[in-house]
2 protein chains.
Amino acid sequence: MSQTVQRAILIIESLAARPRTLGEVADILGVHRSTALRLLQTLEASGFARRLGDGRHAVGTRLIAIAQQTLETLDLRPLASPHLRALHGRHGHTIHLAQLIGDEVIYVDKLESTEGVRMYSRIGRPASLHASGVGKAILSCLPAGRLDELLSGVELTAHTANTLSTRQALDAELATIRERGWAVDDGEFEDFTNCVAAPVRNSTGDIVAALSITSLRVIAPLTELVDLVPDLLATARAISRELG
Amino acid sequence: MSQTVQRAILIIESLAARPRTLGEVADILGVHRSTALRLLQTLEASGFARRLGDGRHAVGTRLIAIAQQTLETLDLRPLASPHLRALHGRHGHTIHLAQLIGDEVIYVDKLESTEGVRMYSRIGRPASLHASGVGKAILSCLPAGRLDELLSGVELTAHTANTLSTRQALDAELATIRERGWAVDDGEFEDFTNCVAAPVRNSTGDIVAALSITSLRVIAPLTELVDLVPDLLATARAISRELG
DNA sequence: ACATGCCATTGCAATATGCGCAACACATGC
DNA sequence: GCATGTGTTGCGCATATTGCAATGGCATGT
């Protein structure tokens, strides 16, 4: 393991929160200011960091571009996008596409509702595995060993009174999801938000993603979203078919 | 300049294109396989890279999350988003917000048109300074010294017959934009795409961003988009006011 | 105008680290 | 069973990285 690279990464992590002075960066790394400066100079030469007018250092645009390029190389978004837009057009609620990438479920696309309210989900960020519809939809389709592996690194945090915060409760829910083929978020991450979600498989039947229709409870309660499940499942199947 | 950090960055750059084997990474860096492996191990421990099931290496989700987090810390998006949605709701065309970040104009938000056609612009990626509406809107508001500085690093590539590919032609256009307060893209980057764009200033009057309404020529020719300029300018002003 | 303190930066020598090499383990193809 | 290629690790060494001291610039206070 390279400590020089670790330091560079720690610099980037610390800049992501907010721009920082050279002294702050040196303090965070526990190194001399000249060491921090040289690492920053290297990051800035490559575009991974940049220097603001007031002397502070910030994350650079090249890192942002690389992240976007990477998101674009994940298979699903271009292919899924027309389906998501069509689903969004028919219902107006927020639509999410989340993809299983390594050990995380990452939101890779999102169509905001016409309701004008911003959801917590952010493209590029992981979805909660145990407290989101897309997370549970994906978990329900994993082989037992892989499911154990993923959950071993997850703390079943109780975000609301509805959150399934024991492994037993989660397993029971996953069994229900397997049986009926779709998942729900019944105010499990945020009290006032609910959704229905469906898994998306590839041509070999492996789970790769999930799709969800999300709304504020005051706008569309869960019972209303459940009525949309047939359309959601049809959309998920259409995406699966196009995966080839 | 740290060669170890440079190597790590080169690894990330090469993975952004497509996942690669250890041997490929070592070849690209010109180092021994064990060197490449240790650098990859460090990147993977931090989430900047990840190991695929078939042994190849890819960009990691932590880098994607940091990029998204960085985008979110740029002032404008959360504040501008409701204005962009409202503008989009009224007209249905593609709306872009691009921000001046360092020496680049970066697309930071984008609402796709209801027309179902995907534009070339990508969030996180730079806009052409000389061949895009947002680029020219921003250039037109810069002090002369800063304008020269930015353009010195730009090749005025002729993308279409309409591209302004000489400094004289560009300066004349920027003078026109300054006079009337808004810019156009008249098929300058792509033949079949046009837009109108307006600059967004902060409370000290400095240019920070630009906003555009973009459409395919066959759907809405430039003359039709020009009719929307009053609404575009009003939206840009509303965003400026909220900047404080 | 001057003194002071703080921050950013660089040259240099010491050393801690990153590096390549050799060897090993494993998978694959013949 | 053998050859080949790839991924991986231990180890010794050369060098790249590091901290220190010095320098310069800038802001602040008197």
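Here is the naming used below: chain letters follow the sequence lines, and residue numbers restart at 1 for every chain. Since this is a predicted model, take the numbers as computed values, not measurements. Hydrogens, waters and symmetry mates play no part in the numbers below; they use all other heavy atoms, side chains included.
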Return no unless some side-chain N or O of A:R7 is found under 4.0 Å from OP1 or OP2 of D:dT17. no
Chi angles and distances behind the salt bridge (charged side-chain N to carboxylate O under 4.0 Å, His left out) call for A:D148, A:R167: CA-CA 10 Å; A:D148 289 340; A:R167 179 65 196 263; 2.8 Å; yes
Sequence neighbours excluded, the answer for salt bridge (charged side-chain N to carboxylate O under 4.0 Å, His left out) partners of A:E104 is none
What residue pairs, at least two apart or across chains, pass side-chain hydrogen bond (donor to acceptor under 3.5 Å, both in side chains) with a residue in residues 36-53 of chain B? B:E44-B:H57
Can you name the residues that form a ring-ring contact (aromatic ring centres under 6.0 Å, His included) with A:H159, not counting sequence neighbours? A:H130, A:F189
Between atom CG in B:D54 and atom C1' in C:dA27, what is the gap in whole Å? 14 Å
Atom CD of A:E44 to atom C1' of C:dT9: distance rounded to whole Å? 13 Å
The criterion is salt bridge (charged side-chain N to carboxylate O under 4.0 Å, His left out); which residues satisfy it with B:D27, sequence neighbours excluded? none
Rounded to the nearest Å, what distance is computed from the CD atom of residue B:Q6 to the C1' atom of nucleotide C:dG18? 15 Å
I'd like to check the side chain to side chain donor-acceptor pair (under 3.5 Å) partners of A:S34; sequence neighbours left out, ordered by chain and number. A:H32
Euclidean distance, atom CZ of residue A:R20 to atom C1' of C:dA8 [Å, nearest integer]: 18 Å
How would nucleotides 5-16 of chain D be written as a contact map, 5' to 3', with B for base contact, S for sugar-phosphate-only contact and - for no contact, using protein heavy atoms under 4.0 Å? --BBBBB----S
